[in-house]
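Being a predicted model, the structure only gives us computed values, none of them experimental. Labels below follow one simple rule: chain letters A, B, ... track the order of the sequence lines, proteins then strands, and each chain is numbered from 1. What you see below is based on every heavy atom in this structure, not just the backbone, and it leaves out hydrogens, waters and symmetry mates.
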Amino acid sequence: MTSLRRSFTFFGGKGGTGKTTCSAAYAVKLADDGFDTLLVSTDPAHSLSDIVGTGLDNTIRPIRERLWGIEIDAAEESKRYIGEIQDKMLAIVSPAIVEEIKRQMEIAYTSPGAEEAATFDKFVELMDMVKGADGAKGGRTFDSIVFDTAPTGHTLRLLSLPEILGAWIDSLIAKRRKTLELFGMVGKFEEDMKKRATDDPVIDTLTRRQKQFEKSREYLTGDMSAFFFVLNAEKMPIMETARAVEMLEKFGITVGGVVVNRVIPPDAGEFFAERLKDQEGYLADIERRFGGKNIVRLPLLRSDVRGMEQVEEIAAILGKLE
Amino acid sequence: MAMTVREIFDKVKRAVFSVGEWLWLFVVASFLEKRTFAIRKEAWDMNDNVMLLLFGDFLGLPNPISYYTLEILPYIAEDMPAWQRRIMNRKSVAAEKAAQYDFT
Ligand SMILES: Nc1ncnc2c1ncn2[C@@H]1O[C@H](COP(=O)(O)OP(=O)(O)O)[C@@H](O)[C@H]1O
Ligand SMILES: [Mg+2]
């Protein structure tokens, strides 16, 4: 059994390029190599179940030996989160106020960022389960986690969330501190506020978030993680991938390489002759742009990927992704 | 029993001094009062601004972290209606001020 350098492997790219196929195949490879592996879909349009032949949902389920899978359900996660807040609220706040605020909670719950935030929370919770992660306290652990991500834009937003919201939280904490300090200076009347200055649940809650963001940044930007782009050898996808690589690297996330999928084999016949020539140019372009990274080519198969046998075939090729 | 000159002198001195003390205390107190008022106002303004950053979306301001600030709501819910009234007042004050200027 070789040792694992990396805990988190991401497959990303445009819709339909082969992200799900590659992540399933890579996870199968790791499991076959003897690593306890968790396969996670963060794409709201889940399709892992189809390819691994096991019904997956928002709970970790076994797929085969040493391999487990889960499809993150943002709606279910946010429902649970809101439920917990409502319970806490009923314990602390008067019913009249709860009634008054209910409608406003609905607003935040359905806000544009909500689905992403809920996905992110589950995402970090799962990352905590990898061996050596500081959240893996006594519970179940995995050697490795493979992520089947949503199409590029969605995934870039998800991965940049801790960076962007982190700054917002920092400034909130500073302002809240300052406010409580001022209340503390004016004594009696705001006695209650003054008490909060030393033991403030608002600052506590914000600080917990801040720590969660910091932790996820550590997971994502260290050598625990690598991101692989799946693309087809065509003009637009190459340019889009180059842009996405640049953005991820700006966020400090390592891009391990690219998987060029659906490469037409040279013996494909007369019908493909023209395309083969174009492809040659694009493959050269890919080498030029991403030459410093891993580049793996997957051949165009005769049919869609059906069943584990074909997945194993692809797994063997993807094994080269160091 | 008649007081000695010395005793009368002491008594007058004490009285004068204590009037001066009161006067002094009065000056200090009203200074502190003003200062306290200013700080208190600053504190409440700042408090309301933080609330706006936390729960601006309740007033229709887009807030990228509104999902995460929801978990703060239980601790702040009691202050929420009063805050919304204050903010609404502030808004209407701003609207009135704006209305004084005719830009057309
Ligand atoms: N190399 C390939 N040859 C033939 N079909 C492929 C190949 N790679 C993927 N496919 C098929 O393309 C479709 C999309 O692949 P999928 O992995 O689901 O893409 P994504 O997850 O990026 O949307 C699937 O039906 C899959 O079986
Ligand atoms: Mg997919």
Problem set entry | A/Met89/B/Leu73 under side-chain contact (heavy atoms from CB on, under 4.5 Å): CA gap, chis, key distance, verdict | CA-CA 8 Å; A/Met89 193 117 90; B/Leu73 205 48; 4.2 Å; yes
Exercise. Hey, mind stepping through B/Asn49 and A/Lys175 against side-chain contact (heavy atoms from CB on, under 4.5 Å) and telling me if it holds?
Worked result: CA-CA 9 Å; B/Asn49 289 337; A/Lys175 288 199 170 73; 5.8 Å; no
For this session: Show the numbers, then the answer: is there a side-chain contact (heavy atoms from CB on, under 4.5 Å) between B/Tyr68 and A/Phe120?
Result: CA-CA 11 Å; B/Tyr68 288 133; A/Phe120 184 80; 3.5 Å; yes
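Judged purely by atom type and a 3.5 angstrom limit, A/Glu181 has no side-chain atom pairing as donor or acceptor with the backbone of B/Ala43.
Proximity of B/Leu70 to A/Tyr81: side-chain heavy atoms (C-beta onward) are separated by under 4.5 Å at one or more points. Within the 4.5 Å cutoff, the side chain of A/Leu180 has no heavy atoms near those of the B/Asn47 side chain. Residues A/Lys88 and B/Glu71 fail the side-chain proximity criterion, which asks for heavy atoms closer than 4.5 Å. Taking 4.5 Å as the limit, some side-chain heavy atom of B/Pro81 sits within range of a side-chain heavy atom of A/Ile97.
The CD1 atom of B/Ile72 sits 10.0 Å away from the CD1 atom of A/Ile203 when rounded to the nearest 0.5 Å. For the atom pair CH2 of B/Trp44 and CG of A/Leu182, the computed distance is 12.0 Å after rounding to the nearest 0.5 Å. Here the straight-line distance linking atom OG1 of A/Thr205 with atom OH of B/Tyr75 works out to 4.5 Å at 0.5 Å rounding. How far CD1 of A/Ile82 is from OH of B/Tyr67: 6.0 Å, rounded to the nearest 0.5 Å.
What you find for B/Pro74 and A/Val93 is that their closest heavy atoms are O-CG2, 3.2 Å. Residue B/Val50 comes nearest to A/Arg176 through the heavy atom pair CG2-N, 4.1 Å, listed as atom of the first residue, atom of the second, then distance.
For A/Leu161, the part lying under 4.5 angstrom from a heavy atom of chain B is the side chain only. In this structure, chain B has heavy atoms under 4.5 Å from both the backbone and the side chain of A/Asp121. Heavy atoms closer than 4.5 Å to chain B are found in both the backbone and the side chain of A/Ala118.
Interface summary for chain B: among A/Val98, A/Asp204, A/Leu165, the most heavy-atom pairs under 4.5 angstrom belong to A/Leu165. Contact tally against chain A (heavy-atom pairs below 4.5 Å) for B/Thr36, B/Ile39, B/Leu54, B/Ile65: the top residue is B/Ile65. Heavy-atom pairs under 4.5 Å with chain A were tallied for B/Asn63, B/Leu53, B/Thr69; the largest tally goes to B/Leu53.
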